[in-house]
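One structure is given below, encoded as structure tokens.
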Amino acid sequence: MRLSDGGGPFGFDIHLALLFDDIVAVYRPSAIVETGSYLGDTTAYLANAYPSLPVITCDVDPSHAGYTAARLRHADNVAVHHADSPTVVAEASREHAPAVYFLDAHWGEQWPLARELAELANGPGPAVAVIHDFDIGYPGFGYDVYDGVPCGPGILTGVPGLPDVYFTSNPEATYPLPCLQTGRRTGVGVIPIGLPAEPLAGIPRLRQHSRTATTSAVTS
């Protein structure tokens, strides 16, 4: 289905699912927002894993949004939007605080990540941004590149208002289950916005970084 990781919830990366659950457990969000629903694999997982939370998802492609809406028509906690993801992020930020945002809206020339992050950085509500396909600087883990710009620490420096501290997934951490993913593996970047970073620092499956230190190392 055109997906480099083969599809499935979180690309069938159970380690990412466990990490996402860690984040939800420490921040206890009032909602989960996913950008880039595609065919609803991750949306369906989130709806089942967190039945007490609203799950808001969107896709700019009307066929993808329509398919996901039909697939999850019986899920009372899911709202599917055919819309530009930064608009959905901005609306969710006004209505839900805190919320966890799984930012995965990208295909072809569409890469709204910087605009999504800007909405969160300047929005009224605290949030946790979980960026998929992020460069974690670890061998064997891929990441996306658009117009020569990697989806990695550099993209964060161009968004005013983001906090200095961010985190990446830690492949060397101990997980209770093996990852049997057969498609491409990627990491995630995690940014607490308007929230204390200490809860994330206590998760051994994450590594802590400084945006300013990373920028200085790249430019020196």
Output yes when a side-chain donor or acceptor of [X] lies under 3.5 Å from a complementary backbone atom of [Y], and no otherwise.
| X | Y | answer |
| --- | --- | --- |
| D147 | V149 | no |
| N122 | G161 | no |
| T42 | F10 | yes |
| T35 | D104 | yes |

*Go through the steps to decide whether L200 and Q208 satisfy the test side-chain contact (heavy atoms from CB on, under 4.5 Å), and finish with yes or no.*
CA-CA 8 Å; L200 294 180; Q208 184 171 331; over 6 Å; no
*Identify, with sequence neighbours excluded, every residue that meets ring-ring contact (aromatic ring centres under 6.0 Å, His included) alongside Y27.*
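Result, ring-ring contact (aromatic ring centres under 6.0 Å, His included) vs Y27: none returned.
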_Contact between R185 and P171 at the side-chain level, heavy atoms closer than 4.5 Å - yes or no?_
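They are not in contact (no side-chain heavy atoms under 4.5 Å apart), so the answer is no.
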_With clusters defined by side-chain heavy atoms of hydrophobic residues (ILVMFWY) lying less than 4.5 Å apart, directly or transitively, does I203 cluster with L18?_
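Hydrophobic grouping puts L18 apart from I203.
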_Common cluster, Y138/Y175, ILVMFWY with side-chain heavy-atom separation under 4.5 Å_ =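 No; tracing contacts between hydrophobic side chains, which count when under 4.5 Å, never links both residues.
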*asked:* Side-chain heavy atoms under 4.5 Å apart, restricted to Ile/Leu/Val/Met/Phe/Trp/Tyr: what other residues fall into the cluster of V145, or is it alone?
replied: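 Members other than V145 - counting any ILVMFWY side chain reachable under 4.5 Å - are Y143.
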Validation: residues 81-88 side-chain donor-acceptor distances under 3.5 Å, sequence neighbours left out:
{"from": "H82", "atom 1": "NE2", "to": "V60", "atom 2": "O", "distance (Å)": "3.1"}
{"from": "D84", "atom 1": "OD1", "to": "R115", "atom 2": "NH2", "distance (Å)": "3.4"}
{"from": "D84", "atom 1": "OD2", "to": "R115", "atom 2": "NH1", "distance (Å)": "2.9"}
{"from": "S85", "atom 1": "OG", "to": "E116", "atom 2": "OE2", "distance (Å)": "2.6"}

Which heavy-atom pair separates [X] from [Y] by the least distance, and what is that distance?
| X | Y | answer |
| --- | --- | --- |
| S169 | L19 | CB-CD2, 3.8 Å |
| Q181 | G11 | NE2-O, 2.7 Å |
| P204 | N170 | O-ND2, 3.3 Å |
| L113 | C151 | CD2-SG, 3.9 Å |
| H209 | R207 | CD2-O, 3.3 Å |
| P29 | V24 | CD-O, 3.4 Å |

Can you measure from [atom1] ([X]) to [atom2] ([Y]) and round to the nearest 0.5 angstrom?
| X | Y | atom1 | atom2 | answer |
| --- | --- | --- | --- | --- |
| L53 | I32 | CG | CD1 | 5.0 Å |
| D61 | L39 | CG | CG | 9.5 Å |
| L117 | L162 | CG | CG | 5.5 Å |
| I136 | T168 | CD1 | OG1 | 6.0 Å |
| R211 | T157 | CZ | OG1 | 7.0 Å |
| D13 | F141 | CG | CZ | 7.0 Å |

*asked:* Ignoring hydrogens and geometry beyond distance, is a side-chain donor-acceptor pair present between Y50 and D21 at under 3.5 Å?
replied: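 Side chains of Y50 and D21: pair found under 3.5 Å.
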*Please work out whether the ring planes of Y166 and F134 are parallel, tilted or perpendicular, with thresholds of 30° and 60°.*
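Ring orientation, 0 to 90° scale: perpendicular.
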*asked:* Evaluate I131 against I155 for side-chain contact (heavy atoms from CB on, under 4.5 Å), listing each step before the verdict.
replied: CA-CA 11 Å; I131 307 170; I155 195 70; 5.5 Å; no
Please list, one pair per line, the donor and acceptor atoms closer than 3.5 Å that link side chains of residues 89-103 to other protein atoms, with sequence neighbours excluded.
{"from": "Y101", "atom 1": "OH", "to": "S93", "atom 2": "N", "distance (Å)": "3.2"}

*Does D22 have any salt bridge (Lys or Arg N to Asp or Glu O under 4.0 Å) partners at least two apart in sequence or in another chain, and if so, which?*
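Here the qualifying residues are R205.
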_Pairs satisfying side-chain hydrogen bond (donor to acceptor under 3.5 Å, both in side chains), at least one member in residues 66-79, at least two apart_ =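 Listed by first then second residue: D41-R71.
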